[in-house]
Amino acid sequence: MVDAALSENLAATSRGAALRRFGRSDLRFRFFTGSAALLVVVIFAGLIATLVVGAWPAIKAFGFDFLVTSSWNPVTERFGAFPAIYGTVVSSAIAMLIALPIGIGIAIFLTELCPRSLKRPIGIAIELLAGIPSIVYGIWGLFVFVPYFQQTIQPRIIDAFANVPILSTLFAGPPFGVGIFTASLILSIMILPFISAVTRDVFETVPHTLKEAAYAIGCTTWEVMWNVVLPYSRSGVVGGAMLALGRALGETMAVTFVIGNAHHINSSLFSAGTTISATIASEFTEALGTLYIPALIELGLVLFGITFIVLAIAQLMLYRLNRLAGGGSK
Amino acid sequence: MNRVLYARRRITNNVFLILSLMAAAIGLGWLTLILSTLVTNGAVGFSFRIFTEITKSSGSNGGLANAIGGSLIMTSIAVVVGTPIGIMDGTYLAEYGRDRLSAFLVRFVNDILLSAPSILIGLFVYEVLVPRMGHFSGIAGAAALAVIVIPVVVRTTENMLLLVPNTLREAAAALGSPRSHIIRSVTWRAARAGIVTGALLAIARISGETAPLLFTAFGNNGWVSGLTGLNSPMASLPLVIYNDALSPSDDLHQLAWEGALLITLAVLTLSIVARFFESRRY
């Protein structure tokens, strides 16, 4: 095709004109790709700018108090984000606590233990599960998990921990079914395939020669994982975990269904709470008044700030691993 | 003494192996459980009326036809708008940028956008479009989805172009082809399957998105079609699932299950097709 274009051009015009035309088309192409790249940066900047502009009335009215006060009263227009921030951070933290060990366990199973014939099917299954929309986890949580949890599991946990000092406060009744702990459980199931898929990819960047060398001096599988694979891929595992945390923090639909949407902080994890994204999702279209919408947008700005920090750390960690693994093979 | 050490190492190893086996069993078991309840609940009342009738504001016996239509329209627009931009951007990163500072910035911003909470994309598009248009609209919904498509396509396009061996580019350059020709007729062609994968993954990603549509497309219980329809609130499958699941009616709950099954099947099919293309990559 290039040859044809070139000879056609040479036949029609002089060589110099053809070269100039090529030069111009090169410039045009470069301009288009460059502007597409710029557009992404513009969208990103626009996202921050619109959030700040939209939230400005609330920022001016409440100042720093917005982040630390707990009242959320649309009637008197007093808004404080603390319960939502608390719910976001606590539900994601518990979800990570549950999903991280299991997710890494699955990745270890896939890279080191799984029979070769099962490796691909299970790996593909996990990648497919990571793509299932969160609303599906949401309605499963609402219709299947919440009733079962409320009737069967919650009463038992409440009874079991009734006389244990700290746990009796954390898991105090009554059993509502919905609540912060339920949201954490659903979140952990949701991010599980994601963590496993990323961690497995990261483990596979470890050069085989390193592992073989360790096995050759008589290390057990555990010792190879702990002393060779994990140290080599540490930044990737941390990066993957942070990516998953970013997902959990911003997850909307799965959480909105099961957290109970109540703007207060209770010492019991079984009580209803809310997260930033659940608040925005359930209240935005019904918000009236001059400060309600700006307050919700400011919540969005806070969420953006939190996830940006988490995702930025995640990316830098993953780039580091890629540089280590890529080693100039590009 | 050595025997004790060996025994301890063996026990540690076995404990660890059993734990990771349990993790795999728990994780996979739980996910299978979710999928099987989805299939049983969704398939129970499955009938073709969901493709022929539209949603009803309350009560029973509605379908999902307008929601499916709305989803298809908004997804198509988002893909048609977002994919070319994503491909061009990914091309810049892989072919022109590589190790430049500007490319690092674009790559970083793109990767953040890729994992940013999608509800924030919804807020962004709401702020930009909805007050100006005066109402929620299918166009705003499609715009929000397009913003989600771009980073997905950028990521896969760049990855796939980087897999194309440099020798190919050098061979084309040695023939005297200008750079834009090399990219269009050599590297793009070599990475074609991978680029298609990116577009399919993007469709899979947005077809289940709910949060960014809540206050852009908003939802609609009637049929909207044609270009004027895009200017009014538009139904979409995930939005209908969300509203029906939160309603008190059992019939609507059933409809929500059927919609969820439909979306899951669509997303799984798209991902499997995408994997098929990916396996044919250069």
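A note on names: the letters A, B, ... follow the listed sequences, proteins ahead of strands, and every chain is numbered from 1.
Side-chain contact between A/Leu38 and B/Tyr92: absent, with no pair of heavy atoms (C-beta onward) separated by less than 4.5 Å. The closest side-chain heavy-atom distance from A/Phe143 to B/Thr37 is not below 4.5 Å. B/Pro117 has its side chain within reach of A/Leu303: a pair of non-hydrogen atoms, C-beta onward, lies under 4.5 Å apart. Looking at B/Leu123 and A/Leu296, their side chains never come closer than 4.5 Å, going by heavy atoms from C-beta outward. Proximity of A/Ile139 to B/Tyr242: side-chain heavy atoms (C-beta onward) are nowhere separated by under 4.5 Å. Taking the side chain as every heavy atom from C-beta outward, B/Tyr126 and A/Thr50 never approach each other to under 4.5 Å. In this structure, A/Ile43 and B/Leu113 have side chains that are in contact, with non-hydrogen atoms separated by less than 4.5 Å. The shortest distance between side-chain heavy atoms of A/Tyr137 and B/Leu31 falls below 4.5 Å.
Here the CD1 atom belonging to A/Ile293 is positioned 10.0 Å from the CZ atom belonging to B/Phe215, to the nearest 0.5 angstrom. Separation of atoms CG (A/Leu39) and CD1 (B/Ile85) is listed at 5.0 Å; rounding is to 0.5 Å. Taking OG of B/Ser180 as the start and CZ of A/Phe22 as the end, the distance is 8.0 Å to the nearest 0.5 Å. Atom CD1 of A/Ile297 is separated from atom CZ of B/Phe124 by 12.5 Å, given to the nearest 0.5 angstrom. Distance check, rounded to the nearest 0.5 Å: OG1 of B/Thr264 to CG of A/Leu128 gives 12.0 Å.
For chain A, the nearby parts of B/Ser115 are the backbone and the side chain; heavy atoms of each come within less than 4.5 Å. Contacts between B/Ile263 and chain A at a heavy-atom distance below 4.5 Å involve the side chain alone, from C-beta outward. Heavy atoms closer than 4.5 Å to chain B are found nowhere in A/Leu318, neither backbone nor side chain. In this structure, chain A has no heavy atom under 4.5 Å from any part of B/Leu114. Contact annotation for B/Leu19: neither backbone nor side-chain heavy atoms come within less than 4.5 Å of a heavy atom of chain A. In this structure, the portion of A/Leu51 lying under 4.5 Å from any heavy atom of chain B is its side chain and not its backbone. When heavy atoms are compared at a cutoff of 4.5 Å, B/Ala211 approaches chain A by way of both its backbone and its side chain.
Listed by chain and residue number, A/Glu127 satisfy the salt bridge (Lys or Arg N to Asp or Glu O under 4.0 Å) test with A/Arg200 (two or more places apart in sequence, or in another chain). Residues satisfying the side chain to side chain donor-acceptor pair (under 3.5 Å) criterion with B/Arg205, sequence neighbours excluded, are B/Glu209. Remark: B/Arg9 engages A/Glu223 in a salt bridge (Lys or Arg N to Asp or Glu O under 4.0 Å) (not counting sequence neighbours).
For the residue pair A/Ala281 and B/Leu214, the shortest heavy atom distance occurs at CB-CD1, 3.5 Å. The shortest heavy-atom contact between A/Gly300 and B/Leu120 is O-CD2, 3.3 Å. Closest of all the heavy-atom pairs between A/Ala312 and B/Phe108 is CB-CZ, 3.6 Å. Looking at every heavy atom in both residues, B/Ser20 comes nearest to A/Gly105 through CB-O, 3.6 Å.
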Audit row: B/Ile112, A/Phe308, side chain to side chain contact (heavy atoms under 4.5 Å, CB included) steps and yes/no: CA-CA 7 Å; B/Ile112 298 272; A/Phe308 180 81; 4.0 Å; yes
Side chain to side chain contact (heavy atoms under 4.5 Å, CB included) between A/Ile124 and B/Arg275, intermediate numbers included: CA-CA 9 Å; A/Ile124 291 174; B/Arg275 290 196 66 87; 3.6 Å; yes
Stepwise side chain to side chain contact (heavy atoms under 4.5 Å, CB included) check, B/Ile34 with A/Ile189: CA-CA 10 Å; B/Ile34 294 183; A/Ile189 299 168; 3.6 Å; yes
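A side-chain contact (heavy atoms from CB on, under 4.5 Å) with A/Val40 is found for one member of B/Leu105, B/Leu93, B/Asn110 and no other, namely B/Asn110.
Interface summary for chain A: among B/Ile150, B/Ile26, B/Thr12, the most heavy-atom pairs under 4.5 angstrom belong to B/Thr12. The choice from B/Leu17, B/Ile119, B/Val267 that makes the most heavy-atom pairs within less than 4.5 Å of chain A is B/Ile119. Interface summary for chain B: among A/Pro133, A/Gly246, A/Ala125, A/Pro101, the most heavy-atom pairs under 4.5 angstrom belong to A/Pro133. Counting heavy-atom pairs closer than 4.5 Å to chain B, the top residue among A/Ser134, A/Ser188, A/Gly46, A/Gly131 is A/Gly46. Of all the listed residues (A/Ile126, A/Leu192, A/Ile280, A/Leu243), the one sharing the greatest number of non-hydrogen pairs under 4.5 Å with chain B is A/Ile280. Chosen from B/Asn41, B/Leu38, B/Ile183, the residue pairing most often with chain A at heavy-atom distances under 4.5 Å is B/Ile183. Highest contact tally toward chain A, considering only B/Val125, B/Ile87, B/Asp111, is held by B/Asp111 [criterion: heavy-atom pairs under 4.5 Å]. The greatest number of non-hydrogen atom pairs below 4.5 Å with chain B, out of A/Val136, A/Val41, A/Thr221, is found for A/Thr221.
Using cut-offs of 30° and 60° for the angle between ring planes, the A/Trp222 and B/Phe16 rings count as tilted.
For A/Tyr148, the OH atom counts as loosely surrounded, since its 6.0 Å shell holds 12 or fewer non-hydrogen atoms of other residues, nucleotides or ligands.
Within residues 24-36 of chain A, the residues having any heavy atom closer than 4.5 Å to a heavy atom of chain B are A/Ser25, A/Asp26, A/Phe29, A/Arg30, A/Phe32, A/Thr33, A/Gly34, A/Ala36, listed by residue number.
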